[in-house]
Structure formats: C-alpha cells, structure tokens
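These notes concern the structure reproduced below.
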Amino acid sequence: MKKIIIINGPNLNLQGRREPAVYGTDTFELLLAELQARYADVELSYYQSNVEGLLVDKLQAVGFSYDGIVLNAGAYTHTSVALHDCISAIDTPVVEVHISNVYARETFRHTSLISSVCRGTITGFGLDSYRLAIEALREMRTDH
C-alpha cells in the first residue's frame, strides 16, 4: 500500500470560505473524505499549517518514508527558499498543486520557487488538482 500525504500551506485551512469565486465552496475536509474513499488502496494522510517552519518540519518527517507528497504551499510557493531546499533534500517525490490557475492571476504568482525541485506541477483544476496529483503519484515508481 502506497503512503501519500497531502500537505497544505497558509490559508488553505479556510478552503470553502476563502474567496469562493477563486477557490470554490467545497471544504477540504469533504474533499479529503472523498479522496480517502476513492483511493482505499492508498494510505492517505493530511497536514496543514500556516507556518513555514512547520511545513519544513513535516516534509522532513515524511520525506524519507512516504511514497509521495502532494504539496500546495500556498503563498510560500512564491517566497520560500526554505521549502525549495527541503524538497531538494528529501527522497520522496513531491507534486506541486494549485487550486487556481496561478498564471491567470497576479504576476507575482507566476513564479514558483519550488517547481524546479518538484516531480511535477498541477495547476488550475480546482480541488480536482489534488486527485490528479494522487493519480500521478500512484503510478510513479519509487524506491521505498
């Protein structure tokens, strides 16, 4: 059984209430329950923090034992050298996800400091971006 964790960064705890026109009205708790039911063959866990250092700590904690990480780093995508360096240091493949199409938004969102060290990036498919990332990680060969 593959072990995959979804890690969400700042403000994603407000999913369903935050800017519904951009992010939709479904809560992440609802999505997680749907994903866990759909992927019963995957040990799927979840972590969210608004604190950059705690995200680094979590990535380090799972980055040598899990089969995949789905990471929505939120605003830290565009600012965090610490997350970039952490992803570079771990073995577990990371798929970067974004709910909105960041390239159709403000210019500052067009630059990701983590994309270059992630296995791939999925952006703009709403909450379905998480499902697409899980699908990719399920099919990916790992050394674990």
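Any value given below was found using the heavy atoms of this structure, including those in side chains, with hydrogens, waters and symmetry copies removed. A quick note: this is a predicted structure, and the numbers were derived from the prediction, not measured.
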Problem set entry | Residues that Thr121 engages under side-chain hydrogen bond (donor to acceptor under 3.5 Å, both in side chains), provided they are two or more places apart | Glu96

Exercise. How would you list all residue pairs meeting salt bridge (Lys or Arg N to Asp or Glu O under 4.0 Å) that involve residues 32-47, not counting sequence neighbours?
Worked result: Asp41-Arg138

Exercise. So do Tyr39 and Glu135 actually touch side chain to side chain, heavy atoms under 4.5 Å?
Worked result: yes

Exercise. How far does CG of Asn8 sit from CG of Asn50, to the nearest 0.5 angstrom?
Worked result: 10.0 Å

Exercise. Is any side-chain heavy atom of Asn72 less than 4.5 Å from a side-chain heavy atom of Leu12?
Worked result: yes

Problem set entry | Stepwise side-chain contact (heavy atoms from CB on, under 4.5 Å) test for Ile7 and Ile69 | CA-CA 7 Å; Ile7 299 177; Ile69 298 168; 3.9 Å; yes

Problem set entry | Residue list, side chain to side chain contact (heavy atoms under 4.5 Å, CB included) with Leu32, at least two apart or on another chain | Ile6, Phe28, Gln36, Leu44, Tyr46

Problem set entry | Any residue meeting side chain to side chain contact (heavy atoms under 4.5 Å, CB included) with Ser129, in chain and number order, not counting sequence neighbours | Val97, Ile122, Phe125

Exercise. So which residues get pulled into Val81's cluster when ILVMFWY side chains under 4.5 Å apart are joined, directly or through others?
Worked result: Leu113

Exercise. What distance separates Leu83 CG from Cys118 SG, expressed to the nearest 0.5 Å?
Worked result: 9.0 Å

Exercise. Say you draw a straight line from CG of Asp67 to CD1 of Ile4; how long is it, rounded to the nearest 0.5 Å?
Worked result: 7.0 Å

Problem set entry | Val70 vs Ile134 side-chain heavy atoms within contact, under 4.5 Å | yes

Exercise. With Thr27, which residues qualify under side-chain hydrogen bond (donor to acceptor under 3.5 Å, both in side chains), at least two apart?
Worked result: none

For this session: Quick one: list whatever passes side-chain hydrogen bond (donor to acceptor under 3.5 Å, both in side chains) with Asp128, sequence neighbours left out.
Result: Arg131

Problem set entry | Donor-acceptor under 3.5 Å (Thr77 side chain, Gly74 main chain) | yes

For this session: Please report the shortest heavy-atom distance between Ala73 and Pro10, naming the atom on each side.
Result: O-CD, 3.4 Å

For this session: Give the cluster check for Leu54 versus Phe64: same hydrophobic cluster or not, with ILVMFWY residues linked at side-chain heavy-atom distances below 4.5 Å.
Result: yes

Problem set entry | Set of residues satisfying side-chain hydrogen bond (donor to acceptor under 3.5 Å, both in side chains) with respect to Ser80, sequence neighbours excluded | Glu52

Problem set entry | Set of residues satisfying ring pair (Phe, Tyr, Trp, His ring centres under 6.0 Å) with respect to Tyr76, sequence neighbours excluded | none

Exercise. Do any N or O atoms from the side chain of Ser100 and from the backbone of Gly126 form a donor-acceptor pair under 3.5 angstrom?
Worked result: no

Problem set entry | Rounded distance [0.5 Å steps], CG in Leu127 versus CG in Leu132 | 11.5 Å

Exercise. Could you give the distance from NZ (Lys58) to CG (Leu71), rounded to the nearest 0.5 Å?
Worked result: 13.0 Å

Exercise. Is the backbone of His78 close enough, under 3.5 Å, to the side chain of Ser112 for a donor and an acceptor to pair up by distance?
Worked result: no

Problem set entry | Co-membership, hydrophobic cluster, residues Leu14 and Leu55, 4.5 Å side-chain | no

For this session: Kindly write out the residues that satisfy side chain to side chain contact (heavy atoms under 4.5 Å, CB included) with Val117, not counting sequence neighbours, or none if the list is empty.
Result: His84, Ile87, Ser88

Exercise. Is it true that Val102 and Ile114 fall in one hydrophobic cluster, defined by side-chain heavy atoms closer than 4.5 Å?
Worked result: no

Exercise. Can you tell me how far NZ of Lys3 sits from OG1 of Thr92, rounded to the nearest 0.5 angstrom?
Worked result: 9.5 Å

Exercise. Who passes ring pair (Phe, Tyr, Trp, His ring centres under 6.0 Å) against Tyr103, sequence neighbours left out?
Worked result: His110

